Amino acid sequence: MELTHTRLLVDNYKECFLFYRDILGFEVAWGDENSNYADFKFNGATLGIFERKQMVQAIGGEYSPEALKTDRTVLVFKVANVENSYQKLNKKVTFITEPKEQEDWGIKVAHFRDPAGNLIEIYENLDNM
């Protein structure tokens with residue numbers, strides 16, 4: 001696995017996008033203030049921000065802006081093949097989503113949690129399939 005970036009899950013996407021772009025001066029690598037997802041590059045690292053409601057829906061949860069015990073961060077790992085990684089890891093972790101194509105996102109993904117409950121995503125780009 002290759003850790004590609006950290007993703008913050010936010011309820012105020014546009015405000016956060018403008019903060020990271022305009023206040024902190026991070027270079028936008030993908031997305032804009034209306035895309036509900038963006039990647040910023042800085043010092044060799046990537047920070048993603050994503051509308052939390054969409055992430056909650058992607059893993060089959062129920063969204064509430066007031067919920068305190070909901071995901072705010074996702075560790076994102078790029079793998080060569082999601083199906084193969086799923087088969088290997090499925091014996092060791094409990095997946096909360098099976099591998100599925102997210103055509104709007106351009107990736108194939110699966111999700112599970114670490115022992116502390118942190119959300120982890122494995123993905124591969126669809127153009128590699």
Side-chain angles (χ1 to χ4, degrees):
M1 285 188 210
E2 173 189 355
L3 178 63
T4 57
H5 57 290
T6 300
R7 180 183 302 151
L8 302 177
L9 304 176
V10 299
D11 291 309
N12 51 344
Y13 173 82
K14 187 173 184 174
E15 182 180 353
C16 287
F17 177 89
L18 296 172
F19 173 81
Y20 286 105
R21 185 191 69 186
D22 298 343
I23 304 299
L24 296 184
F26 291 173
E27 175 189 344
V28 178
W30 193 94
D32 61 35
E33 62 190 61
N34 297 308
S35 60
N36 291 323
Y37 182 87
D39 280 333
F40 297 92
K41 297 282 187 186
F42 60 99
N43 295 331
T46 300
L47 173 69
I49 61 170
F50 190 35
E51 183 185 53
R52 188 171 62 88
K53 180 178 182 178
Q54 289 186 51
M55 187 83 251
V56 170
Q57 292 170 341
I59 63 171
E62 191 167 320
Y63 171 76
S64 170
E66 290 82 33
L68 296 177
K69 292 201 143 252
T70 57
D71 298 307
R72 300 286 179 178
T73 305
V74 182
L75 292 178
V76 182
F77 293 93
K78 184 177 183 179
V79 296
N81 184 292
V82 168
E83 292 289 344
N84 290 346
S85 296
Y86 176 83
Q87 293 304 321
K88 287 180 190 173
L89 289 169
N90 198 30
K91 299 170 182 146
K92 301 174 185 175
V93 301
T94 302
F95 276 85
I96 55 177
T97 64
E98 293 183 1
K100 63 182 171 186
E101 290 185 10
Q102 294 283 2
E103 291 183 17
D104 291 347
W105 302 354
I107 58 176
K108 186 173 195 174
V109 298
H111 300 91
F112 59 96
R113 295 187 185 282
D114 71 10
N118 295 303
L119 185 60
I120 298 174
E121 174 179 295
I122 58 172
Y123 82 95
E124 67 179 283
N125 291 321
L126 285 177
D127 59 4
N128 292 338
M129 298 176 74

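Just so it is clear, the values below take in all heavy atoms, side chains as well, and ignore hydrogens, waters and symmetry mates. Note that the coordinates shown come from a computational prediction; the quantities given were computed from them, not determined experimentally.
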Closest approach of [X] to [Y] (non-hydrogen atoms, all atoms of both residues):
{"X": "Leu8", "Y": "Thr73", "result": "CD2-OG1, 4.1 Å"}
{"X": "Phe26", "Y": "Leu47", "result": "CE1-CD2, 4.2 Å"}
{"X": "Gln54", "Y": "Glu51", "result": "NE2-OE1, 2.9 Å"}
{"X": "Cys16", "Y": "Ile49", "result": "C-CD1, 3.9 Å"}
{"X": "Ser35", "Y": "Gly31", "result": "OG-CA, 3.5 Å"}
{"X": "Ala29", "Y": "Lys41", "result": "CB-CG, 3.5 Å"}

[X] side chain to [Y] main-chain N or O, any donor-acceptor pair under 3.5 Å?
{"X": "Arg52", "Y": "Ser64", "value": "yes"}
{"X": "Tyr13", "Y": "Tyr37", "value": "yes"}
{"X": "Glu124", "Y": "Val82", "value": "yes"}
{"X": "Lys100", "Y": "Ala58", "value": "yes"}
{"X": "Thr97", "Y": "His111", "value": "yes"}

Calculate, to the nearest 0.5 Å, the distance between atoms [atom1] and [atom2] belonging to [X] and [Y] respectively.
{"X": "Asn90", "Y": "Glu98", "atom1": "CG", "atom2": "CD", "result": "8.0 Å"}
{"X": "Phe77", "Y": "Ile122", "atom1": "CZ", "atom2": "CD1", "result": "10.0 Å"}
{"X": "Leu119", "Y": "Leu75", "atom1": "CG", "atom2": "CG", "result": "8.5 Å"}
{"X": "Tyr123", "Y": "Glu101", "atom1": "OH", "atom2": "CD", "result": "15.5 Å"}
{"X": "Arg21", "Y": "Glu27", "atom1": "CZ", "atom2": "CD", "result": "12.5 Å"}
{"X": "Gln102", "Y": "Leu126", "atom1": "CD", "atom2": "CG", "result": "9.0 Å"}

[Y] and [X], any side-chain heavy atoms less than 4.5 Å apart:
{"X": "Arg72", "Y": "Asp11", "answer": "yes"}
{"X": "Thr4", "Y": "Thr46", "answer": "no"}
{"X": "Phe50", "Y": "Val74", "answer": "no"}

Hydrophobic clustering (ILVMFWY, side-chain heavy atoms < 4.5 Å, transitive) - are [Y] and [X] grouped together?
{"X": "Met1", "Y": "Val76", "result": "no"}
{"X": "Ile59", "Y": "Trp105", "result": "yes"}
{"X": "Trp30", "Y": "Val28", "result": "no"}
{"X": "Tyr63", "Y": "Ile96", "result": "no"}
{"X": "Val79", "Y": "Leu89", "result": "yes"}

List the steps and the verdict of side-chain contact (heavy atoms from CB on, under 4.5 Å) for Lys108 and Asn81.
-> CA-CA 9 Å; Lys108 186 173 195 174; Asn81 184 292; over 6 Å; no

Go through the steps to decide whether Glu62 and Val56 satisfy the test side-chain contact (heavy atoms from CB on, under 4.5 Å), and finish with yes or no.
-> CA-CA 6 Å; Glu62 191 167 320; Val56 170; 5.5 Å; no

Taking the inter-plane angle between the rings of Phe17 and Phe40 on a 0 to 90° scale, is it parallel (under 30°), tilted (30 to 60°) or perpendicular (over 60°)?
->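 Aromatic pair Phe17/Phe40 classed tilted.
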
Assign the ring pair Tyr86 / Phe95 to parallel, tilted or perpendicular, where the plane angle (0 to 90°) is split at 30° and 60°.
->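 Tilted.
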
Would one find more than 12 heavy atoms of other residues, nucleotides or ligands at under 6.0 Å from atom CD of Glu83?
->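 More than 12 within 6.0 Å, yes.
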
Output yes when Asp71 and Arg7 qualify as a salt bridge under the 4.0 Å nitrogen-oxygen rule, no when they do not.
->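 Answer for the salt bridge query: no.
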
